Amino acid sequence: MLGDISDEEFNELIVMFSQSVLENFQTRGVVESKIFPVNHYIHVACYILYDQSYQYNILKEVASKISPEDIAKRSKSLGSSSNHLSFYSLMMLYLHGRAEIIYDNLSKKKAGETNIVVEPETKKKETKFIMDFWKRLSPNYLNEGELTLKTKKITCLSDDYIENLKENMISIEHNKDIIKQLKQTIAHLTIYSFLSQAECRFSISEQGPYYFEDNTDPLVFKEFLDLHTGDDMFGINMSGNMPYKITKIAPVPNVIFGMTLKNMNKIEFNDFGTLFADPTDLSSNITSIGIWTKELMHPKDLRYPDNLCKLKPLTLNILTELSEFAKSATKELYIDISKWSYTKKLMFGSNLYVNRIASSCAQFAGIENNFNWTWAFDYAAGKPLKTDLVNKEKIDFYIDVLGTKVKTSQDEKEGTKVEIASIEKYKGLHPFLTRMFRGKRLRKLDPFYYFLQDE
C-alpha cells in the first residue's frame, strides 16, 4: 500500500535526498531574473503543494488508477512529458514546502506561541505517501534502477531503442555550416523555451550518454517539448486561459536532437537534467546528428515497452523553420510579458511548478478532466477560483510573507494604474534555505529537509 513506510525508512530517505539536493544546488547558478520573480514564485508554489495538500490530493486519486511504477515505465522514451527531472522535482518541491511550514512552526514555538503542532500526524501520513510514490518512479525509469543519479548519467532507453535510431543519423563532422546552424537553432529554442516557461527548464530535457554498436562516440540527446503549435497544453483545452498567445506557430510540437560526440573529456548529468561536458561547447565535437519529433498520444494510451509513441525523423530543413519560429515567438513573448503585472508573472511561474508534474501524472491516469488547472490564471485576473483544492486567502498570505508586498496606486499624471513595490521582506526566498549553509556534521544530525517532527 502506498505510504506504508516506517519512520526509520522515511528518515533515512530524508538524509539521502537532502544530501542529493544540496550537491545539486552546488552546481546550479543563482535563480534570479529581471523578467520573472523566479525565487518568489517557486516558494509560493512549494507552500501550495504541501500546506494545502494539493500534490497529495491529486496523486492520491492518480494512484487509484495507475501505479507510479507504470508511469515511470511509460516514460522510458525520448520526448516524454515525464522524466527524471519531473520525478526528482515531484519530491524536491514538496519537501521544500514541508520545510517552509516546519520552519515557520518551529519559529512560532520559539517565539512563545502555544498550541503549535510542528508536523501533525495527518501531514506525516501525506508526506509518507508522497515519499513512497516518488521512490517507485526513477528506479523504474532509469536503466540503473537508482533513485538519484549516482552514476551521473541519465539513461532510460534500451539498446534496441537506440539501435533503431542509427539509420536516421546524418554525418556532419566536416560540415561547419550545418554545425553552426544547429548551434544557432538550439540557442534560439533554449531562449524561447525558458521565456515561455517562466525561466524554468521543464520543457528542456537532456539525457545520455548512449552508444551505438561498434561506435565509441557517446550519443546524447537534447529535447525541446511544448513548442507552441496552437494545440492544447498538457492535452487540456485551455483556450482563453493561457496568459499569452503566439502568432507564428511552431512547425512541430516537439523536437529531439541526437548528437554523437568525439574526443570528449567528460559527459555528466545532475538530477536537474543538466549536462556538464568538457569541452563545454560541443559544436566542434559533433560527428553526426539525428532530428526527430515525437507523435502526440494521450499518456493513458501508452504501454511499455511496445507502445511508447513513434518518432518521426526530420530533415535538416527543419533547423531553419525552428529558428524562425523561436526568434519570432521570443520577440512576441518578451513584448507581451513585459506588460504583465507582478502578480500575473508570479502566478504564471507558480502555475508551472504546482501543476506541470501533477497534470502529467493525471494524464497518465486518464483523469486530467477531474481537476481545474487554470485557477492560477484566474487568481492573477482576480476571478473566483473554480476548484476546492486551493485557498485564495492562503495564496495571498504566501505572496505577502515571502516577497515584496505590492500595492496598486493611481498615477494621476498619466491616468494609468502602476504597481509600486513596498515593504520588502524575504525577496522571494524562504529563510529555511539558510539550513543549506550549516556544517556537514550538523546537517547529518538535522538534515536539510528535516526528520519527522514530534508534536
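This is a predicted model, so every value here is computed, not measured. These numbers come from the heavy atoms of this one structure, side chains and all, not from hydrogens, waters or symmetry mates.
- At distances below 3.5 Å, at least one donor-acceptor pair connects side-chain atoms of Ser350 with backbone N or O atoms of Leu346.
- You'll find the side chain of Ser283 stays beyond 4.5 Å of the side chain of Leu182, heavy atoms only.
- Residues Leu49 and Tyr353 have side chains not in contact (no heavy-atom distance under 4.5 Å, counting atoms from C-beta outward).
- Taking the six-membered ring where the residue is Trp, Tyr47 and His430 present perpendicular rings, their angle passing 60° and hence far from 30°.
- For the atom pair CD of Glu126 and CG of Asn57, the computed distance is 6.5 Å after rounding to the nearest 0.5 Å.
- Heavy-atom neighbours of Lys444 NZ from other residues, nucleotides or ligands within 6.0 Å: at or below the threshold of 12.
- Each of Phe371, Trp375, Tyr94 was compared with Tyr54 under the ring pair (Phe, Tyr, Trp, His ring centres under 6.0 Å) criterion, and only Trp375 meets it.
- For the pair Gln453 (side chain) and Val118 (backbone), a donor-acceptor distance under 3.5 Å is absent.
- Looking only at distances, a side-chain donor or acceptor of Arg443 sits under 3.5 Å from a matching main-chain atom of Arg438.
- Separating the NZ atom in Lys386 from the CG atom in Asn372 is a distance of 5.5 Å, to the nearest 0.5 Å.
- For the pair Gln52 and Ile395, the minimum side-chain heavy-atom distance is below 4.5 Å.
- Between the side chain of Glu69 and the backbone N or O of Arg136 there is no donor-acceptor pair closer than 3.5 Å.
- Within the 3.5 Å criterion, the main-chain N or O of Ser77 finds no donor-acceptor partner in the side chain of Ser80.
- A cation-pi geometry, defined here as NZ or CZ lying under 6.0 Å from the six-membered ring centre and within 45° of its normal, holds between Lys123 and Tyr50.
- Aromatic ring pairs are classed by plane angle as parallel below 30°, tilted from 30° to 60° and perpendicular above 60°; the pair Phe348 and Tyr244 is perpendicular.
- Side chain of Ser6 to main chain of Glu9: a donor-acceptor pair is present (N/O by atom type, distance under 3.5 Å, no hydrogens or angles).
- For NZ of Lys183, the number of neighbouring non-hydrogen atoms (other residues, nucleotides, ligands) closer than 6.0 Å is 12 at most.
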Salt bridge (charged side-chain N to carboxylate O under 4.0 Å, His left out) assessment of Asp104 paired with Lys108: CA-CA 6 Å; Asp104 292 346; Lys108 291 174 185 177; over 6 Å; no
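- Between Arg356 and Gln197, some side-chain heavy-atom pair lies under the 4.5 Å cut-off.
- Summarising the geometry, atom CD1 belonging to Ile291 is positioned 5.5 Å from atom CZ belonging to Phe257; distances are rounded to the nearest 0.5 Å.
- Between Phe432 and Phe448, the gap from one ring centroid to the other is short of 6.0 Å.
- Between the Ser338 side chain and the Ile335 main chain, a donor and an acceptor come within less than 3.5 Å of each other.
- Annotation: side chain of Tyr450 is not in contact with side chain of Ile14 (no heavy-atom distance under 4.5 Å).
- Of the inter-residue distances, the one linking Phe377 atom CZ with Asn351 atom CG reads 4.0 Å to the nearest 0.5 angstrom.
- The shortest heavy-atom contact between Phe325 and Lys248 is CD1-O, 3.3 Å.
- Taking 4.5 Å as the limit, some side-chain heavy atom of Tyr88 sits within range of a side-chain heavy atom of Ser20.
- Of all non-hydrogen atoms in Ile256 and Leu78, the two that sit nearest each other are CD1-CB, 3.8 Å.
- Counting non-hydrogen atoms of other residues, nucleotides and ligands closer than 6.0 Å to NZ of Lys266 gives a total above 12.
- Looking only at atom types and distance, the side chain of Ser86 has a donor-acceptor partner in the side chain of Asn83 under 3.5 Å away.
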Steps toward side chain to side chain contact (heavy atoms under 4.5 Å, CB included) verdict (Ser75, Phe87): CA-CA 11 Å; Ser75 301; Phe87 304 147; 4.0 Å; yes
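- Here the shortest heavy-atom pairing between Ile186 and Thr190 reads O-OG1, 2.7 Å.
- Heavy atoms only, all atoms of each residue included: Glu295 and Cys309 are closest at OE2-CA, 3.5 Å.
- Contact check for Asp271 versus Met92: no side-chain heavy atoms found under the 4.5 Å cut-off.
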CA sep, side-chain torsions, deciding dist, call: His84, Gln207, side chain to side chain contact (heavy atoms under 4.5 Å, CB included): CA-CA 9 Å; His84 181 71; Gln207 60 173 286; over 6 Å; no
Salt bridge (charged side-chain N to carboxylate O under 4.0 Å, His left out) assessment of Lys135 paired with Asp132: CA-CA 5 Å; Lys135 78 184 187 72; Asp132 199 11; 3.8 Å; yes
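- By the 4.5 Å heavy-atom criterion applied to side chains, Leu90 and Ile130 are counted as neighbours.
- The local environment of CG in Asp388 is sparse, with at most 12 non-hydrogen atoms from other residues, nucleotides or ligands closer than 6.0 Å.
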Test salt bridge (charged side-chain N to carboxylate O under 4.0 Å, His left out) applied to Glu368 and Lys300, step by step: CA-CA 10 Å; Glu368 68 273 14; Lys300 69 180 175 60; over 6 Å; no
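- Taking each heavy atom of Leu308 and Lys73 in turn, the nearest pair found is CD2-O, 4.2 Å.
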Evaluation steps, side chain to side chain contact (heavy atoms under 4.5 Å, CB included), between Tyr41 and Val38: CA-CA 5 Å; Tyr41 78 56; Val38 177; 4.1 Å; yes
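- To the nearest 0.5 Å, atom CD of residue Glu268 and atom NZ of residue Lys153 are 11.5 Å apart.
- Contact detail for Ser138 and Leu147: the closest heavy-atom pair is CB-O, 3.7 Å.
- Side-chain contact check for Ser81 and Gln363: no donor-acceptor pair (N or O, by modelled atom type) lies under 3.5 Å.
- Test Lys128, Arg98, Lys109 against Glu119 for salt bridge (charged side-chain N to carboxylate O under 4.0 Å, His left out) and you get one pass: Arg98.
- Classified by interplanar angle (parallel below 30°, tilted 30° to 60°, perpendicular above 60°), the ring pair Phe25/His96 is tilted.
- Less than 6.0 angstrom separates the ring centroid of His40 from the ring centroid of Tyr342.
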Check against salt bridge (charged side-chain N to carboxylate O under 4.0 Å, His left out), Asp7 and Lys124: CA-CA 9 Å; Asp7 290 0; Lys124 291 180 183 179; over 6 Å; no
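- Checking Thr320 against Gln181 by side-chain atom types alone, a donor-acceptor pair falls below 3.5 Å.
- In this structure, Ser328 contributes its side chain and Glu324 its backbone to no donor-acceptor pair below 3.5 Å.
- Side-chain atoms of Asn254 come within 3.5 Å of backbone atoms of Lys294 as a donor-acceptor pair (strictly under, hydrogens ignored).
- Judged by distance alone, the side chain of Arg201 and the main-chain N or O of Gly273 form a donor-acceptor pair under 3.5 Å.
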Verdict with reasoning, Tyr141 to Ser82, per side chain to side chain contact (heavy atoms under 4.5 Å, CB included): CA-CA 10 Å; Tyr141 173 78; Ser82 295; over 6 Å; no
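- In this structure, a donor-acceptor pair under 3.5 Å is absent between the side chains of Lys76 and Asn140.
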